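These numbers come from a predicted model, not from an experiment.
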Amino acid sequence: MTMILPTSLDQPVYADWTADRTGVTLAREYLRVSRDDSYEERSQEDQHEDNREASDARGWTLGVPYCDTGSASEYARGKIRGDFDQLVTDLKTDRFGAKVLILWEVSRLSREVSGWVEMIDLCARRGVLIHATSEEHTYNPANGHDRHKLIAAANDAQLESYKTSTRVTRRRAREKRDGEIHGMIPFGFRREYRQVERKGKRVAKSVQLPHPEEAPIVQELFRRVLAGHSVRSIALDFEARGVRSRRGKVLGQAWLREMLQRPVYAGLRSISPEITGQWEKLVSPADFYDVQAIFAARTRATPRPGARNVRLLSTIARCDVCGGPMSAKPRNGTAMYSCGPRSCVAVPVLDMDAYVTGVVFDYLSAPGVVEELTAPPSAGGELARVLDEKRKAAAELVELERGVKAGNVSPFVATAAEEGIRERLSAAETRERALTLPNPLRPLFESLRAGDVHAAGDMRALIESNWDRAETSTKREALRALLSPEMIGELRIKRSPVPRQRCAAEKRARFATTEESEQAA
């Protein structure tokens, strides 16, 4: 009797099956194939055809099969074997409904000895025979000799699984050491197969190349984050422009944030230790490490770049009375910067924004200021060493966090390691502030350096034009750098000189410099 397979082997139909009324022995198959890119594995359909021929030769009637796709090895990751679990359940509850369990080969069922022993015991208890089609042999689990052979076969399968796992682990370690490509094709890349010479033989090798349409999207993402744009604003812009993944899905914030943390775009196989990959990079390693520093800054007291603050001076301005941060709050229909902790002072948002912006424009319009602020850091010397230390420490934090999430690093070890890494990062950032200025100023004003502008009036007009085109998140990062004690001064909001009366913003603001802080100390 020929069996008709279900329409989808991945979704088999379960039912109570018993021997038919003619008394012909009923048999059920377990069909499993590993995910095999070489196409050398016997497919489920091929296994079924061989099993059907064996069944016809013995006069067995085939019932609905159990079907799985995936490894039976104990070393497999993320394996899901739904029908195997169903098979075990049916044997335990006496719902298997057949006299023979047919396997194409013994290793198809399980490569774990413990799982095999359980299956042998269940079959022996239910009087179910086990037929291995590739061996042309039927085993009786209740017979001591057959039981011994089945367990020996399971031992051999488990040993072979261990050997395969060891070979794969060694190959992956070698590929990582040599910087070869790995895993799925990342967004922004494409792959070609080329014939190369290896150990005297011509073999096909996969080569990773920039994707003509996706690579510019990746480069734009990194460029905009370095310019101070929030990941949220970039995601919304990509969605409005119709930028989608290969499967047509919207590139959300989580997807973009994960992409920004992948070293593959900087041409790196790994960042700890740093291993260069054998493919063309889409962004420079320096830009990649700068982005990691931005993400590492999210645990600091100050808001991270791109935080949802729609007002220019929120959390940047501070109360001159208690020193607390100022935030924008509505009061009698007017947006006001108010002292958060004690409500010591309050000032209209629009007035203070206009005044501080004018002060910034005056500062930047002075001869040589923009050129000095946007000058790239020296390639050598102490600054290069400090920047390299900061980037690597930030990257190590990201890698440590991934290790904890993946379960490869214990929380106890991570906590101890994180403390030392953060100390190095903090020391590097402190020294960097003494040697150079934060990066957000360069993307905002770098275009002015190339122009031959000498008159202060012309320079101010260009500065205002650049400022108006920038996003709020970019402006805020520039203000955070400029309104620091080392530069213009920390913005302090004072109480009104005339209680309960509105006065000009310049009378309510002062800028605390480093010298003033040292004198106060």
Side-chain angles (χ1 to χ4, degrees), residues 3 17 19 24-34 36 40-76 79 81-167:
M3 185 198 109
W17 294 86
V24 178
T25 302
L26 185 71
R28 296 188 68 179
E29 308 166 86
Y30 178 72
L31 307 174
R32 184 186 64 78
V33 62
S34 301
D36 179 43
E40 295 178 356
E41 288 274 7
R42 299 279 295 182
S43 69
Q44 292 174 339
E45 288 80 4
D46 290 341
Q47 293 177 28
H48 169 67
E49 284 302 314
D50 291 350
N51 294 340
R52 183 186 60 78
E53 292 178 4
S55 299
D56 290 346
R58 291 163 176 76
W60 298 338
T61 301
L62 287 178
V64 172
Y66 299 89
C67 305
D68 275 326
T69 300
S71 176
S73 169
E74 62 182 303
Y75 304 101
K79 59 183 179 182
R81 304 179 64 199
D83 270 21
F84 176 80
D85 295 336
Q86 184 65 44
L87 169 60
V88 172
T89 300
D90 288 351
L91 285 170
K92 288 180 177 179
T93 58
D94 201 16
R95 296 184 71 248
F96 179 68
K99 295 298 183 181
V100 183
L101 172 62
I102 301 181
L103 310 172
W104 189 77
E105 63 181 18
V106 172
S107 64
R108 294 294 90 187
L109 188 64
S110 177
R111 294 196 175 192
E112 298 180 32
V113 176
S114 59
W116 244 120
V117 171
E118 180 185 20
M119 183 62 63
I120 293 171
D121 289 341
L122 288 172
C123 289
R125 192 180 308 143
R126 300 300 181 191
V128 175
L129 304 178
I130 297 177
H131 180 79
T133 301
S134 62
E135 301 175 21
E136 299 183 356
H137 186 77
T138 303
Y139 295 92
N140 179 6
N143 180 280
H145 296 286
D146 283 357
R147 178 186 177 87
H148 175 76
K149 293 177 182 178
L150 287 171
I151 295 177
N155 275 319
D156 292 342
Q158 188 176 49
L159 178 59
E160 187 61 33
S161 179
Y162 167 77
K163 292 178 180 179
T164 301
S165 175
T166 302
R167 287 194 297 268

Determine, step by step, whether Ile151 and Asn155 satisfy the side chain to side chain contact (heavy atoms under 4.5 Å, CB included) criterion, reporting the C-alpha distance in whole Å, the side-chain angles of both residues, the deciding distance to 0.1 Å, and the verdict.
CA-CA 6 Å; Ile151 295 177; Asn155 275 319; 4.0 Å; yes

Classify the ring geometry between Phe96 and Tyr66 as parallel (under 30°), tilted (30 to 60°) or perpendicular (over 60°).
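Aromatic pair Phe96/Tyr66 classed parallel.
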
Nearest-0.5 Å distance that lies between atom CG in Leu31 and atom CG in Asn51:
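Nearest 0.5 Å value for the CG-CG distance: 6.0 Å.
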
Any chance you could measure Tyr30, atom OH, to Leu101, atom CG, to the nearest 0.5 Å?
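Between atom OH of Tyr30 and atom CG of Leu101 there are 10.0 Å.
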
Got [X] and [Y] here, is their nearest side-chain heavy-atom distance under 4.5 Å?
| X | Y | result |
| --- | --- | --- |
| Leu26 | Lys99 | no |
| Arg58 | Val100 | no |
| Thr133 | Glu53 | no |

Looking only at heavy atoms, which two atoms of Arg95 and Gln86 are closest? And how far apart?
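Nearest heavy atoms, Arg95 then Gln86: NH1-NE2, 4.3 Å.
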
Using salt bridge (charged side-chain N to carboxylate O under 4.0 Å, His left out) as the criterion, list what pairs up with Glu49, not counting sequence neighbours.
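Only Arg52 meet the salt bridge (charged side-chain N to carboxylate O under 4.0 Å, His left out) criterion with Glu49.
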
Please report the C-alpha distance between Leu87 and Met119 in whole Å, then the side-chain angles of each, then the deciding distance to 0.1 Å, and finally whether the side chain to side chain contact (heavy atoms under 4.5 Å, CB included) criterion is met.
CA-CA 9 Å; Leu87 169 60; Met119 183 62 63; 4.0 Å; yes

Tell me whether Asp83 contacts the main-chain N or O of Asp68 through its side chain, where contact means a donor paired with an acceptor under 3.5 Å.
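No; zero donor-acceptor contacts below 3.5 Å.
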
Would a distance-only check, ignoring hydrogens and angles, find a side-chain to backbone donor-acceptor pair under 3.5 Å from Arg28 to Gly97?
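No, Arg28 side chain to Gly97 backbone: no donor-acceptor pair under 3.5 Å.
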
In residues 124-132, what donor-acceptor pairs under 3.5 Å come from side-chain atoms, sequence neighbours left out?
from   : atom 1 : to     : atom 2 : distance (Å)
Arg126 : NE     : Leu91  : O      : 2.8
Arg126 : NH2    : Lys92  : O      : 2.7
His131 : ND1    : His137 : O      : 3.3
His131 : ND1    : Thr138 : OG1    : 2.7

Do any pairs count as a side-chain hydrogen bond (donor to acceptor under 3.5 Å, both in side chains) and have a residue in residues 141-150, sequence neighbours left out, and if so which ones?
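As it turns out, the side-chain hydrogen bond (donor to acceptor under 3.5 Å, both in side chains) pairs with a partner in residues 141-150, which skip direct neighbours, are Asp121-Arg147.
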
